[in-house]
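Input: a single structure, listed below in C-alpha cells.
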Amino acid sequence: MSAMQSAQKPTRFAVIGSPIAHSKSPQIHEKFAQQTKRTLTYEAIEVLPADLATFIQAFFESGGAGLNVTLPHKEAVFALAEVSSSRAQLARAANTLSLDSEGRLRADNTDGAGLLGDLEQNHGVTLKGKRLLMLGAGGATRGVLAAVADLPETERPSNVTVANRTVAKAQALTEDFKGALGVAACGYEVAADSSFDIIINGTSASLGGELPPLSPALIAPNCCCYDMMYGSETTAFQSWAREHGARLAIDGLGMLVGQAAESFFQWHGVRPSTAALIDQLRSK
Ligand code: NDP
C-alpha cells in the first residue's frame, strides 16, 4: 500500500468491524488519551468485508494513524498487511494496524498480550511454571498462545494443553505453533486426566450460555479460571469455576481493555493503566 504522508501529526484512529455499534473501543481509547494527555479522535466504523481493502487504503492515505480491527475482519487484515509482528503471524490474525516508517501496512495482534497483561497487572497471576489449559482452538486461543510464545522462555508455563470439541483443529494448532511453543492437543475427556493452574476459556460456547463438557478435576488447588467472554452477568464458565473451588474466576472485560492498552502502546509509545477503567466500565 502506498502511503501519502500527512503534513500534520496524525491523530485519527478508529475500530472497524461488522457489526460495530456495540464497540466500547472509542470510549476506552478516549479515556486512555485523557489519562496520557493526548489529543486524538477515535470512531467506530462499520465496514463490510467487500469494502475492507479499499477502506483501509483510503483511511491511511487520508492521514489516519491507526486502526483496530474486530470481527469478522481479523484474518483478512492479516492477509492484507505487508508486514506483521511475530504474534500476528502465529495467530494468523490481527487486531491492530498502522503504517511502518516506510509507509507499509503493518499488522499486530494485541489480544493475547491484553489478556496476559490483565492477568498479571490486575490479578497478580503470571504464567511462569504453571500448567495452562486453553479451551477452544479458534482465533482467540491462537491470539493468546501467540502472546505466550512471545514471552521469554523463563516466563512461560511449564506446559500448555489445548482442548477442543473438534480435536483435529487443536492438533492443527499444535502443528502451526511447532518451533515457537510446545502445545499438547486433545478433546475434553482426555484433558480431564490432568489438573491445571490456569484454565482459559476461548470457546464461543459462552456466547450461548453453554459450557464444554468439563470435569471439575481439571481445577488444581489455587486455580485461576479466565473466560474471554464478558457481559453484564457472570458467565457460565465463571459460575462453573466458582462452584468447583477455583481461586479466581475472571471474565474477559479486562482482556478487552488490555488489548486496547497494548494497541495504544503500539501507536503512542506509552502504556496506559487499565484497572480504574475496567472498574468504571463494569459499574455501568
Ligand atoms: P472462533 O469461532 O474462532 O472459535 C470458536 C471456538 O469455540 C472453537 O474452538 C469451537 O470449537 C468452540 N465452540 C463453539 N461452540 C462450542 C460449544 N457449544 N461447545 C464447545 N466448544 C464450542 O471464535 P474466537 O476464537 O474468535 O472467539 C472465541 C471467544 O473469545 C468468543 O466468545 C469471543 O467473544 C471471545 N473473545 C474475547 C475477546 C476479549 O477482548 N475479551 C477477544 C477475542 C475473543 P470447534 O472448533 O469444535 O467448532
Side-chain angles (χ1 to χ4, degrees), residues 15 17-20 22-25 27-29 68-78 87-88 90-96 108-119 122-123 133-147 161-176 183 185-192 199-215 218 225-238 240 249-264 274 277-278 281-282:
V15 59
S18 181
I20 199 66
H22 66 286
S23 176
K24 295 185 196 298
S25 292
Q27 199 184 341
I28 295 171
H29 279 268
N68 279 132
V69 180
T70 188
L71 298 177
H73 302 314
K74 288 186 182 186
E75 285 84 11
V77 298
F78 170 69
R87 55 195 185 181
L90 273 173
R92 291 211 220 122
N95 71 338
T96 307
D108 192 11
N109 188 318
T110 68
D111 280 336
L115 187 154
L116 299 193
D118 183 42
L119 270 180
N122 301 324
H123 302 282
L133 173 63
M134 299 293 310
L135 308 175
T141 288
R142 280 179 177 273
V144 172
L145 291 183
T161 303
V162 174
N164 196 42
R165 180 175 61 182
T166 310
V167 179
K169 213 160 129 190
Q171 284 164 341
L173 188 151
T174 298
E175 203 51 36
D176 291 345
V183 178
C186 60
Y188 291 112
E189 331 66 45
V190 177
I199 306 176
I200 298 176
N201 183 20
T203 71
S204 41
S206 312
L207 295 171
E210 291 171 26
L211 267 182
L214 302 172
S215 161
L218 295 169
C225 287
Y226 195 108
D227 198 340
M228 293 199 211
M229 202 190 114
Y230 59 89
S232 49
E233 308 290 330
T234 302
T235 72
F237 179 69
Q238 282 178 288
W240 172 83
I250 304 164
D251 75 4
L253 183 63
M255 175 182 183
L256 175 79
V257 178
Q259 62 77 28
E262 192 66 25
S263 294
F264 196 92
T274 58
L277 181 53
I278 294 167
L281 290 170
R282 208 179 283 292

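Order of listing sets the numbers, starting from 1, for every ligand and every atom in it.
If you look at L207 next to ligand 1, the close heavy atoms, those under 4.0 Å, all belong to the side chain. If you look at R165 next to ligand 1, the close heavy atoms, those under 4.0 Å, come from the backbone and the side chain alike.
Side chain to side chain, S25 and N68 fail the donor-acceptor criterion of an N or O pair below 3.5 Å.
The closest side-chain heavy-atom distance from N164 to L173 is not below 4.5 Å. A heavy-atom distance below 4.5 Å is found between the side chains of Y188 and L135. Counting heavy atoms from C-beta on, the side chains of I199 and L214 never come closer than 4.5 Å.
Protein heavy atom in closest approach to atom 14 (C) of ligand 1: S204 OG, 3.4 Å. The single protein non-hydrogen atom nearest to atom 43 (C) of ligand 1 is K74 NZ, 4.0 Å, given as residue, atom name and distance. For atom 25 (O) of ligand 1, the nearest non-hydrogen atom of the protein is A140 N, 2.7 Å. Protein heavy atom in closest approach to atom 45 (P) of ligand 1: T166 OG1, 3.5 Å. Looking at atom 10 (C) of ligand 1, its nearest protein heavy atom turns out to be N164 OD1, 4.0 Å. For atom 3 (O) of ligand 1, the nearest protein heavy atom (residue, atom name, distance) is G139 N, 3.1 Å. From the protein, the heavy atom lying nearest to atom 18 (N) of ligand 1 is E210 OE1, 3.1 Å.
With T161 contributing its side chain and L133 its backbone, the two residues share no donor-acceptor pair below 3.5 Å. Listed for the T235 side chain is a donor-acceptor partner under 3.5 Å among the backbone atoms of Q238. Without hydrogens or angle criteria, E210 side chain to A205 main chain gives no donor-acceptor distance under 3.5 Å. Between the side chain of T274 and the backbone N or O of V257 there is no donor-acceptor pair closer than 3.5 Å. Side chain of Y230 to main chain of L256: no donor-acceptor pair is present (N/O by atom type, distance under 3.5 Å, no hydrogens or angles).
Looking at R87 and E262, a side-chain N of the basic residue comes within less than 4.0 Å of a carboxylate O on the acidic one, giving a salt bridge.
Contact between S206 and ligand 1 is absent, with no heavy atom of the residue lying under 4.0 Å from the ligand.
When the options T203, L115, L135, D118 are ranked by their closest heavy atom to atom 21 (N) of ligand 1, first place goes to T203. When the heavy atoms of G114, G252, G202 are ranked by distance to atom 28 (C) of ligand 1, first place goes to G202. Comparing heavy-atom distances from atom 42 (C) of ligand 1 across R142, Q259, M255, K169 singles out M255 as nearest. Nearest-residue assignment for atom 1 (P) of ligand 1 (options G143, G138, A163; heavy-atom criterion): G138.
Taking every heavy atom of G136 and a limit of under 4.0 angstrom, the matching atoms of ligand 1 come to 9 (O). Close contacts between ligand 1 and Y230 involve ligand atoms 41 (N) [criterion: under 4.0 Å to a heavy atom].
Of all heavy-atom pairs spanning L207 and M229, the tightest one is N-SD, 3.4 Å.
For atom 16 (C) of ligand 1, a protein heavy-atom neighbour is present inside the 4.0 Å cut-off.
When only interatomic distances are considered, the shortest N/O to N/O separation between M228 and ligand 1 falls below 3.5 Å. Below 3.5 Å of separation, one finds an N or O of A137 facing an N or O of ligand 1.
K74 pairs with exactly one of D111, N109, N95 by the side-chain hydrogen bond (donor to acceptor under 3.5 Å, both in side chains) rule, that one being D111.
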